[in-house]
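What follows is one structure encoded as structure tokens, with my remarks underneath.
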Amino acid sequence: MPELPEVEVVRRGLEPKVAGAIVQSLSVREPRLRWPVPTDLARRLRGARLRSVGRRGKYLLFDFGAGTLIVHLGMSGQLRLRAPGTRAERHDHVDIETSAGLLRFTDPRRFGAILWHDAAQGDVLAHPLLAHLGVEPLSSLFDGALLYRLSRGRSLTIKQMLLSGREVVGVGNIYASESLFRAGISPRARAGRLSRVRCDALAEAIRQTLRDAISRGGSSLRDFVDSDGAHGHFQLDCQVYGRAGEACRRCGAMIKIIRQQQRSSFYCPSCQRP
DNA sequence: CACGACTCCTGCTGGC
DNA sequence: TGCCAGCAGGAGTCGT
């Protein structure tokens, strides 16, 4: 479900409400997520005070001082703040009862993850899952120069490079297609062949696409909801994603769909060049 | 190292 | 109308 904008929308929704909250209890109904929920999590969290809610790529980072709760929403995860006592339904796998309310993790496909990183093990950003992530696309470190430098000598397609998360994080299948359309670049273009000018255009397109999506409250393709259960509106503005066979809004040509690495890519064959 | 295929899981949807 | 194959927004791991 969630790419960077959706995760950021969840983070922004939660942070002002739960920062400073004390954890009262934690209950795990289904520990079998992408990796097992740590068995000692309840003991570690009980009585702990949540300092802040951060984000790295698509990972949410709940800082408790003594350690960090790492949460990934996978493809179908939700993290919502509910009234205490709200009845658990199917796929409501983990509840964190806090002084600010019930923080509930729901994930039908169980591709999500809830992990603990102890402060004694060092900076959470050095965690194996986070250490090799690319640059944050909305930070000042990300621009066309970086994209150009990191793509030299690479034979994979630009779509695949964006999805890998090793150069830039947070761009998933929807926003990769949308960003490439904005930049006029075919998803099939070889990353290593992109000119500096086109890298500039792509970096700017990625930043604009993600900012727009965040400001609209995230994509609501399928079932994305924010921490209050509200749906986003980005899907209303998709230029190519999910529009195979329809007319390009810019030139009228028919939007195409192709498969790349088992994922669909949507693009306008007229507006986007290899 | 770089790259691509495979995999985990449940819920829909589209085509028959 | 009903059924079911195939596809879905992620990304770590493994084989080449």
Side-chain angles (χ1 to χ4, degrees), chain A residues 1-10 29-37 55-60 70-79 89-94 105-115 127-134 137 150-180 187-188 190-193 206 209-210 212-214 216-226 231-245 257-266:
Chain A
M1 169 199 341
E3 302 185 32
L4 185 147
E6 290 73 38
V7 177
E8 179 63 14
V9 165
V10 169
R29 278 178 219 88
E30 174 55 86
R32 295 175 302 167
L33 304 183
R34 170 114 202 214
W35 298 280
V37 177
R55 179 186 60 73
R56 179 75 176 95
K58 299 170 191 170
Y59 293 89
L60 287 166
I70 302 173
V71 177
H72 197 290
L73 301 178
M75 281 172 76
S76 58
Q78 295 178 14
L79 201 51
E89 297 180 30
R90 191 162 148 78
H91 307 310
D92 290 343
H93 304 315
V94 177
F105 178 83
T106 307
D107 185 6
R109 290 175 72 180
R110 292 194 276 123
F111 284 3
I114 297 182
L115 298 168
H127 187 281
L129 291 173
L130 308 180
H132 303 294
L133 294 180
L150 295 179
S151 60
R152 292 312 87 185
R154 307 292 299 278
S155 65
L156 77 180
T157 65
I158 184 60
K159 169 84 181 316
Q160 183 55 20
M161 194 176 104
L162 293 179
L163 288 185
S164 79
R166 294 179 58 84
E167 292 76 24
V168 56
V169 292
V171 183
N173 209 36
I174 293 181
Y175 299 119
S177 278
E178 292 298 306
S179 298
L180 286 167
R188 286 200 248 234
R190 297 286 154 181
R193 307 286 295 266
I206 289 169
T209 302
L210 298 181
D212 284 1
I214 292 170
R216 283 165 171 74
S219 162
S220 77
L221 266 181
R222 301 195 184 275
D223 51 4
F224 171 72
V225 295
D226 66 16
H231 289 265
H233 303 290
F234 182 83
Q235 86 289 356
L236 300 175
D237 300 305
C238 274
Q239 299 293 310
V240 289
Y241 188 86
R243 299 193 64 238
I257 178 172
I258 57 172
R259 300 287 296 178
Q260 294 180 290
Q261 283 74 40
Q262 352 269 20
R263 314 296 298 277
S264 6
S265 296
F266 298 85

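In this text, all values refer to a predicted model and were calculated from it rather than measured experimentally. Chain letters run A, B, ... following the sequence lines, proteins first, then strands; residues in each count from 1.
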What pairs of nitrogen or oxygen atoms, one from the protein and one from nucleotides 12-15 of chain C, lie under 3.5 Å apart?
from, atom 1, to, atom 2, distance (Å)
C:dG12, OP1, A:Y59, OH, 2.6
C:dG12, O4', A:R34, NH2, 2.8

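- Of all non-hydrogen atoms in A:W35 and A:A113, the two that sit nearest each other are CE3-CB, 3.7 Å.
- In this structure, the side-chain hydrogen bond (donor to acceptor under 3.5 Å, both in side chains) partners of A:K159, at least two apart in sequence or on a different chain, are A:N173, A:S265.
- Between the CG atom of A:L180 and the OH atom of A:Y175 there is a distance of 14.5 Å, given to the nearest 0.5 Å.
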Any protein N or O atoms within reach of nucleotides 2-6 of chain B? Criterion: under 3.5 Å, listing atom names and distances.
from, atom 1, to, atom 2, distance (Å)
B:dC3, OP1, A:S155, N, 2.7
B:dC3, OP1, A:S155, OG, 3.1
B:dC3, OP2, A:R154, NE, 2.6
B:dC3, OP2, A:R154, NH2, 2.6

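- A straight line from CG of A:L115 to P of C:dA11 spans 13 Å, rounded to a whole angstrom.
- A distance cut-off of 5.5 Å between ring centres, combined with a plane angle under 30°, leaves A:F111 outside any stacking arrangement with the base of C:dA11.
- An OP1 or OP2 oxygen of B:dT10 is reached within less than 4.0 angstrom by no side-chain nitrogen or oxygen of A:H91.
- The phosphate of B:dG11 has neither OP1 nor OP2 within less than 4.0 Å of any side-chain N or O from A:R110.
- A:E30 places no side-chain N or O within 3.5 Å of a backbone atom of A:H91 that could act as its donor or acceptor partner.
- In summary, A:K58 and A:E6 do not engage in a salt bridge, as defined by a charged side-chain N under 4.0 Å from a carboxylate O.
- If you measure from atom CD1 of A:I174 to atom P of C:dC7, you get 18 Å, rounded to the nearest angstrom.
- For A:K58, the listed nucleotide lying nearest its side chain is C:dG10; candidates were C:dG10, C:dA8, B:dG11.
- Residues A:R55 and A:E8 are paired through a salt bridge, judged by an N-O separation under 4.0 Å between the basic side chain and the carboxylate.
- More than 12 heavy atoms of other residues, nucleotides or ligands shown are found within 6.0 angstrom of CZ on A:R29.
- Between A:R32 and B:dC8 there is no side-chain polar atom (N or O) within less than 4.0 angstrom of OP1 or OP2.
- Closest to the side chain of A:R263, from the set C:dG10, B:dT10, C:dC7, is C:dG10.
- Heavy atoms of other residues, nucleotides or ligands lying less than 6.0 angstrom from CZ of A:R56 number more than 12.
- Here A:R263 pairs with nothing under the side-chain hydrogen bond (donor to acceptor under 3.5 Å, both in side chains) rule; sequence neighbours left out.
- Rounded to whole Å, atom P of B:dT10 lies 10 Å from atom CZ of A:R109.
- Between the CG atom of A:L33 and the C1' atom of B:dC9 there is a distance of 11 Å, rounded to whole Å.
- Rounding to whole angstrom units, CD of residue A:Q260 and C1' of C:dC7 are separated by 17 Å.
- Here the P atom of nucleotide B:dC9 and the NE2 atom of A:H93 are 12 Å apart, to the nearest Å.
- Rounded to whole Å, the distance from CD on A:Q78 to P on B:dG11 is 13 Å.
- Using cut-offs of 30° and 60° for the angle between ring planes, the A:Y59 and A:H72 rings count as perpendicular.
- Here A:R259 pairs with A:Q262, A:S264 under the side chain to side chain contact (heavy atoms under 4.5 Å, CB included) rule; sequence neighbours left out.
- Looking only at distances, no side-chain donor or acceptor of A:S177 sits under 3.5 Å from a matching main-chain atom of A:Y241.
- One can place CZ of A:R56 at 16 Å from P of C:dG10, the figure rounded to the nearest angstrom.
- Phosphate proximity of B:dG11 to A:S76: absent, as no side-chain N or O sits under 4.0 Å from OP1 or OP2.
- The P atoms of B:dC6 and C:dG6 are separated by 15 Å, rounded to the nearest whole Å.
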If a pair means Watson-Crick or G-U wobble with both distances below 3.5 Å, what does DNA chain C look like in dot-bracket form, with | marking bases paired to a different strand? .|||||||.|||||||
